[in-house]
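The first residue of the sequence shown is numbered 1, and numbering continues consecutively from there. Worth knowing before you read on, the calculation uses all heavy atoms, side chains too, and leaves out hydrogens, waters and symmetry mates.
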Amino acid sequence: SSGINAEWPLRPGGNEKYRDMAWNIFQAFERVSRNCNGYTAVYDVRDVHTVTLDVTESFFLAETLKYLYLLFEDDVDVLSFDKWVFNTEAHPLPIFDDFQGWY
């Protein structure tokens with residue numbers, strides 16, 4: 001058994017609440033920050049008439065879109081939480097079974 005909590009937001013396990021929220025967020029990205037070159041930052045996410053900025057933050061691709069991908073990926077073996085741990089910047093790091101000699 002995977003030992004993964006079915007309520008973990010990145011792997012909702014049948015609970016579509018998190019996927020629904022994420023889909024709304026993604027649609028907002030498409031509607032507000034998408035341009036001909038990709039995605040741009042916005043001045044104020046609370047303002048529907050916000051000004052777009054001429055910059056894309058690196059964390060948008062490296063973290064935000066990675067978490068969205070994981071949320072919608074149904075194959076739990078893709079970056080399985082039994083084999084990978086994510087650091088605070090969403091970089092997957094492998095979990096090793098044997099730590100002998102690591103300390």
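Every residue two or more places apart in sequence or in another chain that forms a salt bridge (Lys or Arg N to Asp or Glu O under 4.0 Å) with Glu30 is listed here: Arg34.
When all heavy atoms of Leu70 and Val78 are compared, the closest pair comes out as CD2-O, 4.3 Å. Listed here is the closest heavy atom pair of Glu63 and Glu89: CG-O, 3.1 Å.
Around the CG atom of Asn35, the shell of radius 6.0 Å holds more than 12 heavy atoms that belong to other residues, nucleotides or ligands.
Under a 3.5 Å cut-off, the side chain of Lys66 and the backbone N or O of Ala90 do form a donor-acceptor pair. In this structure, the side chain of Ser33 does not engage the main chain of Ala41 through any donor-acceptor pair within 3.5 Å. At distances below 3.5 Å, at least one donor-acceptor pair connects side-chain atoms of Glu73 with backbone N or O atoms of Asp75.
Atom CZ of Phe29 is separated from atom OH of Tyr39 by 8.5 Å, given to the nearest 0.5 angstrom. For the atom pair CG of Leu71 and CD of Glu16, the computed distance is 9.5 Å after rounding to the nearest 0.5 Å.
Taking the six-membered ring for Trp and thresholds of 30 and 60 degrees, Tyr67 and Phe86 have ring planes inclined between 30 and 60 degrees apart.
No chain of hydrophobic side-chain contacts below 4.5 Å, direct or via other Ile, Leu, Val, Met, Phe, Trp or Tyr residues, connects Leu61 to Val42. Criterion: ILVMFWY side-chain heavy atoms under 4.5 Å apart, direct or through other members. Under it, Leu65 and Phe59 are not part of a common hydrophobic cluster.
The side-chain heavy atoms of Val32 and Thr50, taken from C-beta on, include a pair separated by under 4.5 Å. Side chains of Trp23 and Leu68 form no contact here, defined as non-hydrogen atoms less than 4.5 Å apart.
Residues Phe26 and Phe72 keep their aromatic ring centres 6.0 Å or farther apart.
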Using side-chain contact (heavy atoms from CB on, under 4.5 Å), reason through Trp84 and Ile95 one step at a time and then give a plain yes or no. CA-CA 5 Å; Trp84 299 90; Ile95 297 172; 5.7 Å; no
Would you sort out whether Thr52 and Tyr43 count as a side-chain contact (heavy atoms from CB on, under 4.5 Å), showing the intermediate values? CA-CA 6 Å; Thr52 57; Tyr43 181 72; over 6 Å; no
